[in-house]
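We name chains A, B, ... by the order of the sequence lines, and we start the count at 1 in each one.
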Amino acid sequence: MGFRNIITLLNMETLLDIDYTVRDEKAVIRLYYKVDKGREIREIDDFEPHFYVTSDDLEGSKKNIEKLDGVVKVETVKKVEVRQEIEVLKVTVKLPQNVPELRGEIKEFENTKEVREAAIPFAERYLINSGIVPMEDAEQLDLRIASFDLEVYNPRGEPKSEKDPLLMISYADSTGLKKVWTYRETPGVSLDYLEILSDEKEVIKRLIQTVKEQEIDILCTYNGDNFDFPYLNERAAKYKMDVGLGIDGSKVRLERRGMNLGAKVRGRPHIDLYPICRQVFNLSRYTLENVYLEMFGEEKKDINAAEMHKIWDANEPGEMKEVFEYSMADAVGTLRMGLAILPLQYELSRITRIPVYKSSRSGSGQRVEDLLIKRAYEKNILIPNKPSDRIATERQKSSYVGAYVVEPKRGIHDNIVLFDFRSLYPSIIISHNIDPSAMNCACCKKEEAFQSPAGHHFCKKNVGLIPETVGELIQRRIEAKKRLKEESDPEKKRFLDVEQQALKLLSNSMYGYFAFARAVWYSRECAEAIAALGRQYIHNTIEAAQKHGFDVLYGDTDSIYITVSGEKDSKKIIAESKKFSGEINKELPGGMELEFEGFYPRGIFITKKRYALMDEKGTLLVKGLEVRRRDWSNVAKETQTKVLNALLKDKDPEKAAEIVKGMVQMIKTGDVKLDDLTIHTQITRGMNEYVQAGPHIVAARKAIKEGREFKQGDIVTYVVTKTGTSISDRARVVDFVEEGDYDANYYINNQVLPAVMRILEALGYSEDELKGLGKQMTLGGF
DNA sequence: TACCAGAGGAG
DNA sequence: AAATCCTCTGGTA
């Protein structure tokens, strides 16, 4: 280790949070650092709020703006706009809160063209301009992470914070401290982490006290934004008390974030793992237990939370012990998930230069934009304004042609090779310089520039902001992967892997960003050009493959599945395939590559986007079929999986038929458990906005009448029961259904049979043959 | 039976 | 508050 590195280690620090305050009529930026010895708040009082004004008459505009109250300074500066250096006015103002009003007034001036960069939050503006990287060296500083979870009294179903008290708070942190605080003794229950306090108020106070004493840097919750923190705040308010978890004792602030809330803790970032999990994992449900199982392959202790109030009232030792253990497991589980999830969030915060509280709650469009804004500043590019609601809505109406999907050759095939283009869209952006500022440039003659089949051309002389940014992301990813390969320390390996994941996430989001109606660098033409070029490359590859003697079985966007019909020697097919991709790659522009992605001894293609493949280990890979969908029941999905295995692995259609017959019998006897019959469907719009209510909506409405809450974004878990007329009428939220109360006919005719029939039909069995499943089915079909 | 709204997957 | 392409279900007339 060199001298420099030792110095760096000694002066390790990481910026956890940033905000500003106004003191003596002056804006003061506050930087919340964790340093090796503890915490530090640094203040910057010489950074001034500013924005830009474009005008036809700079001098005239300047004179008008200078007269306005709150304006400190107006200067003429050079900025870059669509590759041209232009002169604009930089308006420096006294306080950040002056900006919206001044912006409005200046916009009305006669000579003003646009007011620019006035909507960038002041603290974020400072981060961009200063070049400070949030969360830098966070991993080296051994941040203290804590999680907590509430249990509340719920006698009427959904707990109401005005009436229903907290029963306990569980807490766990990365130093190993584990606690459950409650305020009532349960005779005969003693647990080392259980602490009995005098009342609810003391329980809340103890949480706050512990977070302070333990010097916690990051707070994790599971749905703390919309449940734990709002509830805690309201219960605390009952005792005229603040939830003063901020590093300076300030209270938790709830901010509106679209339809939801965000719970912000000053200087001690609160990371809600729930929205992150919804973004990262594709699951049927996002309960803590479900996500925990997905992440660690282990069950987390669970109880029926609807019974909480009864258990509390009964205060029976056995049951209460279960509740304490469950509560503790929630905090411990949330902490464990946090420790696994946070590194990627730190990395995204570093790359986009946005504090982790905010970046962990951003969607992919916002994240890409944050990164581009930072890069634009470095290149002195004037950032375009956000579109108005009207323009955004207008943009949403226009659509464009996207990817190409090959009609599959239905049925079973042997010896299948998969090729795909590595990062097709990012590599097209780079190799064809797809950028709004490069489109139809004046400096290149049309025929000399990069051509898009959609009719646009792109400059060959000057690299645009977006291709340059994507190029940098990909370059950094290549380097991270190289270091990952050379690294032997498992911990460092994990960090490098997270880094390359984050870089991939961002570069893959850039294409979608172009067509995102609220994007400041929106360009439908660029999105269109990328998609058109993608179609061109895949079309050309398909043609070349056919010329090479391959049968093209299927393809979607950037992939093609091929085989050689009649060729039994898989080694020959693989060798020929590798030769083919080599030939293709010689013709591709730099940065683009067709990869040999895999070999599958057998596969079945049903329709576009629906197929199954078996790899050389005998593992089934299924795409698009019911097995992959949360809105199908387990009975249907499990039967489908077994049928696929019987056909692809055992090559035994009779076995497939037996499986189906067996399952149909099982359903008829009424022995199937509710867990295997539930269907999960999301409420994607407001409950009153539905023109046509499907079964999940009707089931949710019934549950609402019985005291349950359902809102947009929730996933309804329902069962089709015996009683009622239509399917919707029979659909009920599972919590209200007794074991055994299910509609056998529905599960046979609308679940199991359709899921397996489609596969069998693709093999050439007629529906008539399938009606008497098993009887006529023989190996002849193969 | 034909059509539409709605959902969720693929890439 | 990233995009389009695509299949399939259940309600409605």
Provide, to the nearest angstrom, the distance between the [atom1] atom belonging to [X] and the [atom2] atom belonging to [N].
X	N	atom1	atom2	value
A:Arg629	C:dC6	CZ	P	16 Å
A:Leu372	C:dA2	CG	P	14 Å
A:Arg630	B:dG8	CZ	P	5 Å
A:Ile679	C:dG10	CD1	P	8 Å
A:Lys608	C:dT4	NZ	P	17 Å
A:Asn688	B:dG6	CG	P	13 Å
A:Arg257	C:dA1	CZ	C1'	11 Å
A:Leu505	C:dA2	CG	C1'	11 Å

With a non-hydrogen cut-off below 4.0 angstrom, is [X] in contact with a base, only sugar-phosphate, or nothing?
X	result
A:Arg610	sugar-phosphate
A:Ser362	sugar-phosphate
A:Phe421	nothing
A:Gly258	nothing
A:Lys609	base
A:Trp632	sugar-phosphate
A:Tyr611	sugar-phosphate
A:Gly694	nothing
A:Arg730	nothing
A:Tyr400	sugar-phosphate
A:Tyr404	nothing
A:Arg685	sugar-phosphate
A:Thr607	sugar-phosphate
A:Val368	nothing

Comparing A:Ala403 and A:Gly512 on DNA chain C - which has the more 5′ nearest nucleotide: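 Of the two residues, A:Gly512 wins.
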5' priority, DNA chain C, between A:Tyr718 and A:Phe516 [closest heavy atom]: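 Per heavy-atom nearest nucleotide, the more 5' residue is A:Phe516.
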Presence of donor-acceptor pair under 3.5 Å, side chain of A:Gln682 and base of B:dG8: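 No, no donor-acceptor pair under 3.5 Å.
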Verdict with supporting geometry, A:Phe580 and A:Phe550, ring pair (Phe, Tyr, Trp, His ring centres under 6.0 Å): CA-CA 10 Å; A:Phe580 171 73; A:Phe550 294 121; 5.4 Å; yes
Check: A:Gln366/A:Asp370 side-chain N/O donor and acceptor closer than 3.5 Å: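 Yes, A:Asp370 and A:Gln366 have a side-chain donor paired with an acceptor closer than 3.5 Å.
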Distance-only donor-acceptor check, side chains A:His413 and A:Thr563, under 3.5 Å: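 No - no donor-acceptor pair under 3.5 Å links their side chains.
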Step-by-step ring pair (Phe, Tyr, Trp, His ring centres under 6.0 Å) determination, A:Tyr561 to A:Tyr611: CA-CA 11 Å; A:Tyr561 290 92; A:Tyr611 58 94; 5.3 Å; yes
Options [options], nucleotide nearest the side-chain atoms of [X]:
X	options	result
A:Gln692	B:dA10, B:dC4, C:dC8	B:dC4
A:Ser726	C:dC8, C:dG11, C:dC5	C:dG11
A:Asn282	B:dG9, C:dC8, C:dT7	B:dG9
A:Thr681	C:dT7, B:dG6, B:dG8	B:dG8
A:Asp631	C:dT9, B:dG6, B:dG8	B:dG8
A:Ser399	C:dT4, C:dT7, C:dC6	C:dT4
A:Val401	C:dG10, B:dG9, C:dC5	C:dC5
A:Arg628	B:dG6, B:dA10, B:dG8	B:dA10

Test log, rule ring pair (Phe, Tyr, Trp, His ring centres under 6.0 Å), inputs A:His539 and A:Tyr404: CA-CA 8 Å; A:His539 272 301; A:Tyr404 171 64; 4.2 Å; yes
Expected output: side-chain A:Arg730 to main-chain A:Thr723 donor-acceptor under 3.5 Å: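 Between the backbone of A:Thr723 and the side chain of A:Arg730 there is no qualifying donor-acceptor contact (under 3.5 Å).
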A:Arg701 side-chain N/O to A:Met687 backbone N/O, donor-acceptor pair under 3.5 Å: yes
Considering just the side-chain nitrogens and oxygens of [X], establish if one lies under 4.0 Å of OP1 or OP2 belonging to [N].
X	N	answer
A:Arg361	C:dA1	no
A:Asn750	C:dG10	yes
A:Tyr746	C:dG10	yes

Quiz: residues 254-264 of chain A side-chain donor-acceptor pairs under 3.5 angstrom, not counting sequence neighbours:
| from | atom 1 | to | atom 2 | distance (Å) |
| --- | --- | --- | --- | --- |
| A:Glu255 | OE1 | A:Arg253 | NH2 | 3.2 |
| A:Glu255 | OE2 | A:Tyr357 | OH | 2.8 |

List the atom pairs, donor and acceptor, that lie under 3.5 Å between side-chain atoms in residues 422-430 of chain A and the rest of the protein, sequence neighbours left out.
| from | atom 1 | to | atom 2 | distance (Å) |
| --- | --- | --- | --- | --- |
| A:Arg422 | NE | A:Glu593 | OE1 | 3.2 |
| A:Arg422 | NH2 | A:Glu593 | OE1 | 2.5 |
| A:Ser427 | OG | A:Ser423 | O | 2.9 |
| A:Ser427 | OG | A:Leu424 | O | 2.9 |

A:Arg610 charged N/C atom sitting above A:Phe605 aromatic ring, 6.0 Å / 45°: no
Contact residues, residues 385-398 of chain A to DNA chain B [heavy atom, < 4.0 Å]: none
